[in-house]
Protein chains: 2
Amino acid sequence: MLLSKSCVYGIRAVLYLSVNDEREYVPIKEISDKMGISFHFLTKILQVLTNAGMIKSMKGAKGGVGLNQKASSISLYDVIRELDGETLFEECVLGLPGCADDNPCSMHKIWRVTKAELKKELEEENFGSLAKQITEDEIRLYDI
Amino acid sequence: MLLSKSCVYGIRAVLYLSVNDEREYVPIKEISDKMGISFHFLTKILQVLTNAGMIKSMKGAKGGVGLNQKASSISLYDVIRELDGETLFEECVLGLPGCADDNPCSMHKIWRVTKAELKKELEEENFGSLAKQITEDEIRLYDI
DNA sequence: ATGATAAAAGACTCTTATGTCTTAATATAA
DNA sequence: TTATATTAAGACATAAGAGTCTTTTATCAT
């Protein structure tokens, strides 16, 4: 599994907020209902993103969560880094400490290039662009 | 995490057997000792590869496990497929059912290319070649 | 035959990820 | 100021992955 469930849910929630960019706050309940995700679980995931300053939150009636930055300034990599950390892109696939170009493990050569490309693409893909594609029905956000 | 621990241990054990290709059977205890892996855990992992016909095993004194095919005919992908399955290469990263080129999710475009490249490299890299590189000290097998 | 060696099988434990539930805190609206 | 809506916080539950231990089975050497 490339990404944890928390991370996948986080990405999909930020996508939802990006598509609903004009609303300052969206209740988490609305997101969890629409996406079929556990409300309390999603709440905890979004708290991480709130603490990271990526989204903002407001308690009480008319409260909810909303983007704290422009959607176009948040990359897929930003969300992945907050929720899954950077081990996928930093650590040796075979778990050997000190794995490096001058001291490679058996999978080093293969994964070194692939992970660099993947990281670059994830850094370049932003939620503004993704939201636009969702709105224009080119890609989908739900399980439909 | 790209690969499970079971899978990583399995890859490293098959590497060990590939380097020790001239020995028909190597005791699992020897492998687990050298690699610092739990003996019983490794035993269970290697049973999977034995049942898959990738390695062979023999009980009793002089017994152990050994390659059941030429090292050069076993790919990294073969071992990964047996131990982690193909979900990494088949399923949608965002867990949306029915994700396909004509019905893509938000990460589809990025991961589609990357995973195809990764799969190709893993299929092309065989244990004969890796064992040769280990023997020639170009890559390492241990945590040293 | 008997004892030693080593894999096979399965029960069991520990840890982490995932998911649920309850209570507290805070903001809005009447 | 009271009721309602909503996030925050944390306890609790469940499931899966990781790891340990014991018993059984098979092979070899004496």
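Convention: sequence-line order gives letters A, B, ...; per-chain numbering from 1.
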Nearest whole angstrom, please: distance from the [atom2] of [N] to the [atom1] of [X].
X	N	atom1	atom2	result
Lys44(A)	dC21(C)	NZ	P	13 Å
Leu42(B)	dC21(D)	CG	C1'	16 Å
Phe41(A)	dT7(D)	CZ	C1'	17 Å
Lys29(A)	dA5(D)	NZ	C1'	12 Å
His40(A)	dA11(D)	NE2	P	16 Å
Ile28(A)	dA5(D)	CD1	C1'	13 Å
Met1(B)	dT15(C)	CE	P	17 Å
Leu3(B)	dA18(D)	CG	C1'	16 Å

Looking at Val26(A), is its backbone amide N or carbonyl O close enough to the side chain of Asn20(A) to form a donor-acceptor pair, meaning the two atoms are under 3.5 Å apart? no
Short question: side chain of Arg12(A), backbone of Leu141(A) - any donor-acceptor pair under 3.5 Å? yes
Base, sugar-phosphate, or nothing for Phe39(B), non-hydrogen atoms under 4.0 angstrom? sugar-phosphate
Touch check for Leu46(B), heavy atoms < 4.0 angstrom, all strands: base, sugar-phosphate only, or nothing?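 The residue Leu46(B) makes no contact with any strand.
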Is it the case that more than 12 heavy atoms not belonging to Arg112(A) sit under 6.0 Å from its CZ atom?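 Counting other residues, nucleotides and ligands, CZ of Arg112(A) stays at 12 neighbours or fewer.
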Honestly, is Lys70(A) close enough over Phe127(A), meaning NZ or CZ under 6.0 Å from the six-membered ring centre and within 45° of the axis? no
I'd like to know if [X] and [Y] make a salt bridge, using a cut-off of under 4.0 Å between side-chain N and carboxylate O.
X	Y	result
Arg23(A)	Glu30(A)	yes
Lys56(A)	Glu24(A)	yes
Lys115(A)	Glu90(A)	no

Can you measure from NZ (Lys120(B)) to CD1 (Ile110(A)) and round to the nearest 0.5 angstrom?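 Between atom NZ of Lys120(B) and atom CD1 of Ile110(A) there are 11.0 Å.
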For DNA chain D, determine which residues of residues 53-64 of chain B have any heavy atom closer than 4.0 angstrom to one of its atoms, and list them numerically.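 Listed by number, they are Met58(B), Lys59(B), Gly60(B), Ala61(B), Lys62(B).
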Would you indicate which nucleotide in dT6(D), dA6(C), dA8(D) comes nearest to any side-chain atom of Pro27(A)? dT6(D)
State, to the nearest 10°, the angle formed by the axis through the first five base pairs of the helix from dA1(C)-dT30(D) to dA30(C)-dT1(D) and the axis through its last five.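 Between the axes fitted at each end of the helix from dA1(C)-dT30(D) to dA30(C)-dT1(D) lies an angle of 0°.
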Please test Tyr77(A) against Glu86(A) for side-chain contact (heavy atoms from CB on, under 4.5 Å), starting from the C-alpha separation and ending with a verdict. CA-CA 9 Å; Tyr77(A) 192 78; Glu86(A) 298 189 284; 2.6 Å; yes
Hphob cluster co-occupancy, Val19(A) + Tyr25(A), side-chain heavy atoms under 4.5 angstrom: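 Different clusters.
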Membership question, hydrophobic clusters at under 4.5 Å side-chain separation (ILVMFWY): are Met1(A) and Leu3(A) in the same one?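 Leu3(A) does not cluster with Met1(A).
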Any Ser38(B) side-chain N or O less than 4.0 Å from OP1/OP2 of dT20(D):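 It does, given that an N or O in the side chain of Ser38(B) lies less than 4.0 Å from OP1 or OP2 of dT20(D).
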Selection: residues 6-24 of chain B, any non-hydrogen atom under 4.0 Å of DNA chain C: none
Look at the side chain of Lys5(B) and the base of dG17(D), then say whether one donor and one acceptor between them are separated by less than 3.5 Å. no
Take Trp111(A) and Phe89(A) through the side-chain contact (heavy atoms from CB on, under 4.5 Å) test and state the conclusion after the steps. CA-CA 9 Å; Trp111(A) 183 236; Phe89(A) 304 94; 5.6 Å; no
